[in-house]
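The structure appears below as structure tokens.
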Amino acid sequence: MPKYSLRINGSVHDVDVAADTPLLWVLRDVLGMTGTKFGCGANQCGACTVHLDGAPARSCTRAISGAANREITTIEGLGAEGLTTLQNAWLAEDVPQCGYCQSGQLMAASALLADNPDPSDEDIDRAMLRNICRCGTYQRIRKAIHRAAREG
Amino acid sequence: MSDFNVVNVSRRDVLKTLGLATGFVVSSAVVPKGIRALANRALADGILADRLEPSVYLALDTDGMVHAYIHRVEMGQGARTGLTQILADELEANWDRIHVVPAFGDLKFGSQNTDGSTSIRMFYDAFRMAGATARHMLEDAAAAEWGVARDQVEATDHKILNKVTGRSQDYRDFVAAAALLTAPAAESVTLKTRAQHRYIGKPVRNLHMEEFATGSSIYGQDVRREGMVYAVAARPPSVGGKLTGYNREAALAVSGVLDVVELPEMKAGWGFQPLGGVAVIATNTWAAIQGRKALAASFDGGPNGSFDTTEYEASLWRSIDAGGEETYARGDVDTALAGSARRITADYFVPFQHHAPMEPPAATAEWIDGKLNIWTSCQDPQAVQNTVAPYVGVAAEDIYVEATLLGGAFGRKSKPDFAVEAAVLATHAQRPVKMIWTREDDVQHGFYHAISAQRVDVGLDASGRVQAWDHRAAYPSLMETATGQQTDAATSFEVGPVMEQPLVVPHMRIRSGEAKAHVRVGWLRSVTSIQHAFAMGSMIDEIAEVTGRRPDEVWQDLFGSVLTGADLTDASRREPRPLVAERLGAVLRRVTEMSGYGRALPPGTGIGLAAFTSFGSFTAAALEVSVSEDGEVHVPRAWTAIDCGLAVSPERVTSQMEGAVVFGLTIALHGAITVKNGAVEQDNFDGYQVCRINEAPEVEVAIFENEHPLGGAGEPGVPPVAAALSNGIFAAVGKRIRRLPVGDQLTG
């Protein structure tokens with residue numbers, strides 16, 4: 001099997017997996033980083049969202065061969081040096097219910113704010129459209145993103 | 001599991017060792033002075049269990065740490081935090097000195113079936129008593145130690161105040177002494193008043209919030225064990241279908257695949273049995289998924305291989321035409337209908353729905369020293385023990401089952417078929433196995449909310465008052481899943497919500513038509529209240545339309561007390577009927593006010609109302625609905641209200657009500673599972689669509705607080721939503737939606 005060198009949250013990890021293995025399963029099964037969640041395996045729900053070179057990407061359909069040599073950030077890396085403003089906004093608005101989709105929501109929201117520091121409701125809806133929350137925390141996600149934008 | 005050194009000696013032995021008379025009872029009335037010194041000596045000598053444990057729900061260590069045994073599972077509804085609030089409140093515990101032990105299956109806890117919106121209302125009294133009893137014993141020990149009267153000590157925030165000296169001492173100083181005492185009789189324990197509550201009804205943050213925000217929370221899908229392997233399975237597309245072939249060698253040729261194992265076939269009497277099929281075990285999930293593809297497993301259709309939801313719907317309407325079995329009647333419906341001045345008849349349809357929790361089912365099983373251990377995102381660890389036991393040949397109580405956090409459940413994870421699969425494979429492989437359900441598995445092999453047909457005939461008198469309500473329903477029963485007994489029509493329990501609504505209708509009848517189950521039918525958040533609230537709430541709006549009256553007035557006029565207590569079958573409803581009507585009327589009035597119902601709205605916009613009582617609570621919803629010229633439905637705002645007696649965690653009740661609107665909108669706008677040739681046609685979120693953020697309204701929630709018995713909070717928010725939406729669509733554009741989902745009915 002081919003070997004891949006991955007840069008994840010600033011650290012290098014060498015893994016030895018089939019080339020078509022999605023990044024999601026390398027993170028979860030090989031590296032034990034279970035913060036990135038499995039929701040659909042089909043680019044439908046966004047639970048597996050990570051950043052590749054700062055842009056949101058669905059790790060469940062991203063083969064490892066296409067993720068090597070990119071800067072990968074996962075939820076574990078988001079608040080590695082203390083909770084971010086966004087994560088604190090998530091707490092302030094008590095966003096999560098079951099919590100399962102929230103890693104993906106936070107990764108999508110942080111990419112949005114990096115791109116657009118003061119998004120409108122419409123901007124938020126557009127950016128977060130691909131992240132499903134079955135508990136229905138959407139209105140709090142909107143509020144938390146606005147709060148994070150405000151508190152910069 | 002245990003974090004403690006529990007010394008295996010009896011209390012009687014300890015008392016003997018301490019030189020106390022045989023038969024001496026250390027009661028709260030006669031606590032010997034100096035007991036603390038004796039207790040500490042016994043502790044030092046290692047003969048005393050170092051914890052105060054007056055209840056199965058809590059224990060205190062001698063360092064003052066409280067261990068809260070929260071036996072109900074956490075799936076987003078907030079039960080784990082809520083029950084901890086109740087316990088901590090009566091214990092006067094400091095929130096930071098509580099360690100919450102995850103739920104593990106044990107009959108000693110009572111029901112662990114986290115279902116039916118019961119966790120708080122079923123255990124409120126028991127958890128209060130547990131906390132208060134421990135507080136009482138700590139106070140007794142302190143009073144004895146200080147040689148002061150019982151009323152001269154008071155527990156507050158993990159300390160006990162000596163009112164004589166004005167000094168306080170930490171709980172830890174009295175744990176060992178209190179552990180020697182006999183727990184006081186319930187009647188001598190004083191519970192706090194509501195005004196004294198420290199955590200109950202207060203904004204306490206969910207225990208797991210920081211984990212959720214950092215991705216460190218562990219769900220069933222996230223469990224990892226040393227040496228663990230991963231499994232996925234190919235299952236028969238139709239229930240009862242049998243495995244007819246598969247390519248074992250092709251699967252084993254996939255890199256990472258370790259083994260191919262046939263799963264036990266399903267037997268008659270479905271229950272929570274797994275479906276059978278064949279599993280692939282691999283070194284990682286992806287390899288297992290690829291191995292499953294390579295298997296190219298084939299199945300016969302079995303007894304349900306020709307099931308087709310289009311044909312089945314037609315059969316449901318034939319059952320409705322045939323009348324069905326009467327499950328409830330008062331007055332004389334036929335005569336009243338025949339003599340009515342006006343009649344309204346309408347047919348309502350709701351297709352199969354699916355739970356689709358964001359976390360697909362998963363379970364990890366491992367044999368350790370001859371004992372089977374299972375970690376899984378289940379709603380009922382006891383159900384896992386009971387369901388797994390016969391497959392592995394051990395007694396249910398000998399299986400350790402720990403509930404991880406659940407990434408949503410909504411009823412799906414009360415059926416532990418996936419845990420059986422994990423246990424069977426771990427037994428075969430003799431190493432830890434994580435059984436993973438993919439989203440396709442979840443959508444195609446669910447326990448679906450029943451497809452339903454309903455016909456409601458209403459008779460009005462000359463002044464427009466409802467004289468007769470004849471309600472027919474035909475849908476497959478969930479009883480074969482719940483009890484393993486084939487049941488070919490919805491039971492009186494399932495159609496019960498129709499009768500439980502406090503409608504002033506003198507002549508009422510409910511009939512249930514034949515409807516055999518051909519897929520596994522389960523219970524989905526709010527269960528049969530989903531379809532019954534849709535039909536009843538829609539019909540009330542239709543009555544308003546026919547009589548030319550405001551819907552809010554028709555609703556309020558219908559609430560009243562025709563029934564007597566003897567008519568009620570729901571034992572949990574401990575209230576007289578007029579109160580039920582009053583409480584339901586009050587929540588509807590509140591959302592009517594909150595929404596500014598009756599105000600001028602732009603063209604194509606309307607507000608729809610609905611109210612329903614379920615799970616011991618009373619809820620109402622008002623939805624502002626706009627329909628664009630091309631028929632797109634949008635709900636910018638919603639107002640909901642709940643009367644559940646007391647909200648232990650008001651913040652979580654609010655979030656449950658907000659989420660319930662989104663959940664109800666998914667049912668109303670999109671939700672539909674269809675079956676062809678015995679197989680579910682949808683397989684992921686592109687086929688089984690759920691609401692996304694652009695469809696989520698701003699929801700404003702009102703919570704009532706009163707002295708009535710507690711009701712549920714997780715489910716009751718859902719039922720009114722679909723009717724409020726369809727009534728809102730009617731208010732907006734005059735089009736009546738009687739079939740769910742709305743789908744493209746307005747765009748076509």
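Lettering follows sequence order; numbering is per chain, from 1.
- A donor-acceptor pair under 3.5 Å is formed between the side chain of A:R28 and the backbone N or O of B:Q221.
- Neither the backbone nor the side chain of B:S216 comes within contact range of chain A, judged by heavy atoms closer than 4.5 Å.
- If you measure heavy-atom distances from A:L86 to chain B, you find no contacts under 4.5 Å at all.
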Do A:C135 and B:F410 pass the side-chain contact (heavy atoms from CB on, under 4.5 Å) test, and can you show the C-alpha distance, the side-chain angles, and the key distance before you say yes or no? CA-CA 9 Å; A:C135 298; B:F410 314 114; 4.2 Å; yes

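- Counting heavy atoms from C-beta on, the side chains of B:P697 and A:Q139 never come closer than 4.5 Å.
- Here the options are B:Q656, B:Q77, B:E658, B:E74, the test is side-chain hydrogen bond (donor to acceptor under 3.5 Å, both in side chains), and the partner is A:Q97; only B:Q656 passes.
- Residue with the most contacts toward chain B among A:C133, A:C45, A:G32: A:G32 (heavy-atom pairs, distance under 4.5 Å).
- For B:E440, the part sitting under 4.5 Å from any heavy atom of chain A is the side chain, from C-beta outward, and nothing else.
- Neither the backbone nor the side chain of A:T137 comes within less than 4.5 Å of any heavy atom of chain B.
- For chain A, the option among B:M75, B:M358, B:R525 with the highest count of heavy-atom pairs below 4.5 Å is B:M358.
- With rounding to the nearest 0.5 angstrom, the CE atom of A:M128 is 12.0 Å from the CG atom of B:N694.
- Side-chain atoms of A:D20 and B:W286, non-hydrogen and from C-beta on, do get closer than 4.5 Å to each other.
- Enclosure of atom CG in A:D14 by more than 12 non-hydrogen atoms of other residues, nucleotides or ligands within 6.0 angstrom is indicated.
- Using a 4.0 Å cut-off between charged nitrogen and carboxylate oxygen, B:E359 and A:K37 do not count as a salt-bridge pair.
- Salt bridge annotation for B:E651-A:R140: present, with a cationic side-chain nitrogen under 4.0 angstrom from a carboxylate oxygen.
- The residue among B:N206, B:T666, B:V699 with the most heavy atom pairs within less than 4.5 Å of chain A is B:V699.
- When heavy atoms are compared at a cutoff of 4.5 Å, B:L405 does not approach chain A at all.
- Between the side chains of A:Q87 and B:E210, not a single donor N or O lies within less than 3.5 Å of an accepting N or O.
- Only the side chain of B:I218 comes within contact range of chain A, with heavy atoms under 4.5 Å apart.
- In this structure, the portion of A:A92 lying under 4.5 Å from any heavy atom of chain B is its backbone and not its side chain.
- Cation-pi geometry between B:R692 and A:Y138 is not satisfied (NZ or CZ under 6.0 Å from the ring centre, within 45° of the ring normal).
- For the atom pair CG of B:D442 and SG of A:C40, the computed distance is 11.5 Å after rounding to the nearest 0.5 Å.
- Summarising the geometry, atom CZ belonging to A:F38 is positioned 15.5 Å from atom OH belonging to B:Y219; distances are rounded to the nearest 0.5 Å.
- Chain B forms more heavy-atom pairs under 4.5 Å with one residue of A:R142, A:K143, A:Q105 than with any other, namely A:R142.
- Interface residue A:N131: only backbone heavy atoms are found under 4.5 Å from chain B.
- The candidate with the highest count of non-hydrogen atom pairs below 4.5 Å against chain A, out of B:T285, B:I289, B:N284, B:V662, is B:T285.
- Residue contact with chain A, scored on non-hydrogen atoms closer than 4.5 Å, is absent for B:H208.
- Using a 4.5 Å cut-off between heavy atoms, B:S377 makes no contact with chain A at all.
- Neither the backbone nor the side chain of A:L24 comes within contact range of chain B, judged by heavy atoms closer than 4.5 Å.
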Start with the C-alpha distance between B:R652 and A:D94, add both sets of side-chain angles, then the distance that settles salt bridge (Lys or Arg N to Asp or Glu O under 4.0 Å), and finish with yes or no. CA-CA 9 Å; B:R652 288 291 88 180; A:D94 283 315; 5.0 Å; no

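- Contacts with chain B were tallied for A:D125, A:D29, A:V95, A:L106; A:D29 has the most, counting heavy-atom pairs under 4.5 Å.
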